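In this text, all values refer to a predicted model and were calculated from it rather than measured experimentally.
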Amino acid sequence: QVQLVESGGGLVQAGDSLRLSCVTSARTFSSSAMGWFRKAPGKEREFVAAVNWSGDRTSCADPVKGRFTISRDNAKSTVYLQMNSLKPEDTALYFCARGRTGSIATMTAGYQSWGQGTQVTVSS
């Protein structure tokens, strides 16, 4: 069974930065797109960012464009989410997910495996 394990969350102040990491046991990691989603209390899970299988294409949701960057290291089976200029509205449980294909997907249906999440809390 494929496992995805997120880390790097925490409690920070507005304007701070965090880098989330997600390590996967998937043997097909290097051929799969990877994504980050988040879920805030009382809200639906929403797309944050995704990267294609090779890492040369990325997509970020409008609320995080210019502040968040997704990247991957296929040699380490790891995907990262660099989050800068954090805002209180970024507070959520952040999940990484493994795509069904090598192409970027922005909907949850485009992903086949999910981690348990890492909590990010941004205080004002």
Side-chain angles (χ1 to χ4, degrees):
Q1 183 174 354
V2 172
Q3 289 188 318
L4 295 90
V5 180
E6 303 96 335
S7 63
L11 172 62
V12 297
Q13 294 187 330
D16 286 350
S17 298
L18 280 175
R19 188 176 81 154
L20 305 184
S21 300
C22 173
V23 180
T24 176
S25 62
R27 289 177 295 174
T28 58
F29 173 85
S30 60
S31 63
S32 302
M34 296 295 294
W36 285 96
F37 288 74
R38 67 186 182 186
K39 187 180 186 312
K43 294 186 177 181
E44 296 292 321
R45 187 174 301 197
E46 65 174 356
F47 170 75
V48 175
V51 59
N52 73 336
W53 69 275
S54 63
D56 63 346
R57 294 191 177 189
T58 63
S59 177
C60 286
D62 286 344
V64 306
K65 276 182 180 176
R67 300 188 297 121
F68 290 12
T69 303
I70 187 171
S71 62
R72 66 189 296 158
D73 184 338
N74 284 348
K76 296 182 178 180
S77 298
T78 302
V79 61
Y80 304 97
L81 185 67
Q82 178 66 43
M83 306 186 295
N84 298 329
S85 302
L86 282 161
K87 303 176 180 180
E89 51 263 45
D90 294 319
T91 295
L93 187 62
Y94 283 71
F95 301 88
C96 74
R98 184 169 72 98
R100 296 184 184 278
T101 73
S103 300
I104 287 172
T106 61
M107 307 292 286
T108 58
Y111 295 85
Q112 58 180 307
S113 304
W114 295 81
Q116 294 298 307
T118 185
Q119 179 67 38
V120 172
T121 303
V122 185
S123 64
S124 58

Any pair counted as salt bridge (Lys or Arg N to Asp or Glu O under 4.0 Å), so long as it reaches residues 10-28, sequence neighbours left out:
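Listed by first then second residue: nothing to list.
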
Which atoms form the tightest heavy-atom contact between [X] and [Y], and what is the distance?
X	Y	value
Ala49	Cys60	CB-SG, 3.9 Å
Val48	Val64	O-CG2, 3.6 Å
Arg45	Thr108	CD-CG2, 4.3 Å
Val79	Ser71	CG2-O, 3.1 Å
Leu18	Gly10	CD1-N, 4.1 Å
Ser124	Pro88	CB-CG, 3.8 Å

Nearest-0.5 Å distance that lies between atom [atom1] in [X] and atom [atom2] in [Y]:
X	Y	atom1	atom2	answer
Thr101	Tyr111	OG1	OH	8.5 Å
Ser85	Phe68	OG	CZ	9.0 Å
Thr24	Leu4	OG1	CG	4.0 Å
Ile70	Gln82	CD1	CD	12.0 Å
Tyr94	Cys22	OH	SG	15.0 Å
Tyr80	Asp73	OH	CG	5.0 Å

Trp36-Val51 co-clustered via ILVMFWY side chain contacts under 4.5 Å
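Same cluster: Trp36 reaches Val51 through Ile, Leu, Val, Met, Phe, Trp or Tyr contacts under 4.5 Å.
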
Mind checking whether Leu81 and Val12 sit in one hydrophobic cluster, side chains of I, L, V, M, F, W, Y counted as touching below 4.5 Å?
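Yes, one cluster joins them.
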
Who are the salt bridge (Lys or Arg N to Asp or Glu O under 4.0 Å) partners of Asp56, not counting sequence neighbours?
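Expected list: none.
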
Scan side-chain atoms only and decide if Asn52 and Ser103 contain a donor-acceptor pair under the 3.5 Å cut-off.
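Absent: no donor and acceptor within the cut-off.
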
Tell me every residue that passes side chain to side chain donor-acceptor pair (under 3.5 Å) with [X], counting only those two or more places apart in sequence or in another chain.
X	result
Thr28	Arg98
Glu89	none
Glu46	Arg38
Thr121	Gln119

Is it the case that more than 12 heavy atoms not belonging to [X] sit under 6.0 Å from its [atom1] atom?
X	atom1	answer
Arg57	CZ	no
Lys76	NZ	no
Gln116	CD	no

Phe37/Trp114 aromatic ring centres below 6.0 Å:
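Aromatic pair counts; centres sit under 6.0 Å.
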
Between the side chain of [X] and the main-chain N/O of [Y], is any donor-acceptor distance below 3.5 Å?
X	Y	value
Glu6	Gly117	yes
Ser30	Asn74	no
Ser77	Val23	no

Working note: Thr118 + Ser7, criterion side chain to side chain contact (heavy atoms under 4.5 Å, CB included); need CA distance, chi angles, decisive distance, verdict.
CA-CA 6 Å; Thr118 185; Ser7 63; 5.6 Å; no

Lys87 and Asp90 ion-paired at < 4.0 Å:
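Salt bridge: no.
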
